[in-house]
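Computation of the quantities below employed the complete heavy-atom set of this structure, encompassing side-chain atoms and omitting hydrogens, waters and symmetry-equivalent molecules.
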Amino acid sequence: MTAVFFNKIHVCDPSSGRDEISSVLVKDGMIKAIGSPQSIGSPPKDATIIEAQGAVLAPGLVDMRVQSRNPGYTHQESPTSLAQAAAAGGITSMVCLPNTNPVLDNPDSLAALMRHNTDRIASPRLYAYGAATKGLDDEAMAELGLLAEAGAVGFTNATKPIADSLIMRRIMDYAAMLDKPIIQHAEDISLARDGEMNESVNSTRLGLRGIPAEAEEIMVARDLALARLTGVRYHVAHVSTARAVALIRQAKADGLSVTCDTAPPYFGLNDLAVMEYDTRFRLSPPLRSEDDRQAVLEGIADGTIDAIASDHAPQDRDSKLLPFGIAATGASALETLLPLVMGLYHQGVISLMRVFELTSSVPATLLDLPGGSLSQGATADMVVVAPDRSWQIRGKAFKSLSHSTPFEGQPVQGKVLSTWVDGVMIYADGE
Amino acid sequence: MATDPNAKKGNVAGDSSATTDSDLLRQNARDSQLFASLNGHHLLGIEGMKRPIIEGLIDRANQFAELPKNEMLTHLKGMTVFNLFFENSTRTRVSFDLAARKIGASVVNVPVSTSSIKKGESLVDTAVTLNAMHPDILVMRHQHSGASLMLSRHVDASVVNAGDGRHEHPTQALLDALTIKRRLGEIAGLKIAICGDIANSRVARSNIHLLSTLGAQIRLVSPSTLLPSGIEEMGITTHYDLMDGIEGVDIVMLLRLQTERMQGTETPSQREFFHLFGLNAEKLAEAAPNALIMHPGPMNRGVEIDSALADDHERSLITMQVDMGVAVRMACLEAVAAARNADQQGQAS
């Protein structure tokens, strides 16, 4: 395999704290050498030399919440479109939810998905959470031990919570034994029943059923109590409310093993977006109030929120072409994750280093995945970004089969120039 | 303006001086400028509608209400109105049907509630199919909030919202206002209590917007479980006690308990609801002397309203509301047709 030499590029690597012009030699799928241009010297003769002035080289994104739709729903996203969309988004590893058909509640299904990694040619890595309960129906614990052996990186009920308290307690105990995290969509489903959007005067005006912020708060509070009881690593997915952020902040201060992520809609938008019943804004959890959005931003800034995932939930066009209340929830999000998080950097909310901490090094560490680092000897999963280049989000231009994004038309800054997995370029910007 | 400047404002029923200007009524609507500012060329809701438009529609409907019973107009001659009622309705559908015929349009009642396109799942497909038949106006009732706005974005026709989920029912609010105006003359300054199932009521939402735009003071009386979140922010007061809520009001507007939209957790029983929130003659004594009762129908006798009171023609405007429905819908159909013509002329020029 030919070596690749990045000559004098701005490296931003949270795992080592490196944030300066460096030279990087990549060979055999690994970071062979990284350091100041003086210390690295000139490239080997056979190396491909990459000059990328003004660009940033960072660890490739590790997206810890992706609905792959494969197997079972490949009309919404095919393996190919998923890989291409992720690569275009600078994502080198995806962790898929088990809500496929069949559900990833048995080791064979999960192993089949994991085989993608051995067959993989120039595409991002795929990982998966195992289903926490059989059939995701919240009645009986799935075979967590066998799933873990087959490669499950954690357990979750995907887009639904693990709602039954006794089952959750058992799953937490068992996952603690296996040393795997529980990933929870935190929503009290009986309180949120039939809900269509965030509950507020806006839902009242629109005549849509409200989902109160308390639905998230209640589930997080219960889970934190059970996490304290069981000692499990507990992770809240797509945190969207001020009270949940506050509870997690306090639990961390208390020393609990709790982490959380959010997704761009919850720091970028609020429930006023729904005012014309545009189903691109039909999401789960729903877009919340401006106060909640501000609290999510604070949580990102102060470190309460550990990671940002795309929350990619591709839907076919027909599922979105419905009255708001019965339209499918979710958005195509792989290709907008990095620019939207970079928006926080451009707004001065977080540093550039923190952008890649949130989207790469921390999720890799949480789930014990390769990647997320540009240290010498690390797997060469990388992204090259033009940090200031501006462009406009257009769903129609997505490589994903799903073109529905709540950020349609939004101008953003930060463009992926190339994406690398195992030292091989899997995407190059066509412009 | 929508009205003949010579026409009297706020004609009172039975006032023999309320003349019909037949020339005005027989000519085609020339006031398209007024209605060009309807949302596009649609009538989707009252929220955001400017006061002159609301007043224009009410005044125009008031003229139509004066027409002799057998008078058939030709304003919408050559136009086709499709009635699409995804949710069952007798009075509203019949009222729109009659209104469209009386103003000269042809009417097609599309049997969506019994056909394969019953469910909301195929609303856009339905819209595209119907669009190919080139209707001028689509009147739609749908069980989901926002459905009429959605329909309007997929068809060339004008859309008139005949009720969408819990969102709006603009023609009901307009006919309520016309009823009040004809009976009491003015709406500004009236105290009006809207009582009952606010959470599930599109009638309540449209009336809150309309009556407060016209200067009435609105109070809501409802069990806490049927009062939707943050509704006080819409500039109204709320009451849990019926007697408190209707104290001194000029009009008590009752709403139907919409059991089909309820989740079974809102009230313990209809018996208890009637005990606490049902209106009877005794409770009505708290309201202003001669206070009037309205109800959008269909009524649940013994739930929202005592049966005897519902039949009290001295106090109840319920039959008059139904009567005004046709005139209001004529005015609405005329208005969207005018706005539509203005749009088309605008595009042509």
Next on the checklist: Does atom CZ (Arg317(A)) have a neighbourhood of more than 12 heavy atoms from anything else shown, all under 6.0 Å?
Outcome noted: no

Next on the checklist: Please check if the number of heavy atoms outside Gln270(B) that lie under 6.0 Å from its CD is greater than 12.
Outcome noted: no

Checklist outcome for this item: Looking only at Gly146(B), Gly230(B), Ser229(B), the option with the highest number of non-hydrogen pairs under 4.5 Å against chain A is Ser229(B)

Item to check | For chain A, which residues of residues 191-221 of chain B have heavy atoms nearer than 4.5 angstrom | outcome: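 Only Asn200(B), Arg205(B), His209(B) of residues 191-221 of chain B have a heavy atom under 4.5 Å from chain A.
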
Checklist entry - Looking at Asp194(A), Asn202(A), Leu206(A), Asp278(A), which makes the most heavy-atom pairs under 4.5 Å with chain B? => result Leu206(A)

Item to check | Region of Glu276(A) in contact with chain B, defined by heavy-atom distances below 4.5 Å | outcome: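 Its backbone and side chain both get close to chain B.
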
Closest non-hydrogen atom pair, [X] against [Y]:
X         : Y         : result
Gly207(A) : Ser145(B) : O-OG, 2.6 Å
Val201(A) : Met234(B) : CG2-CG, 4.2 Å
His154(B) : Leu321(A) : NE2-CD2, 3.6 Å
Pro323(A) : Met150(B) : N-SD, 3.4 Å

Item to check | From CA spacing to verdict: side chain to side chain contact (heavy atoms under 4.5 Å, CB included), Thr204(A), Glu233(B) | outcome: CA-CA 10 Å; Thr204(A) 293; Glu233(B) 294 173 42; over 6 Å; no

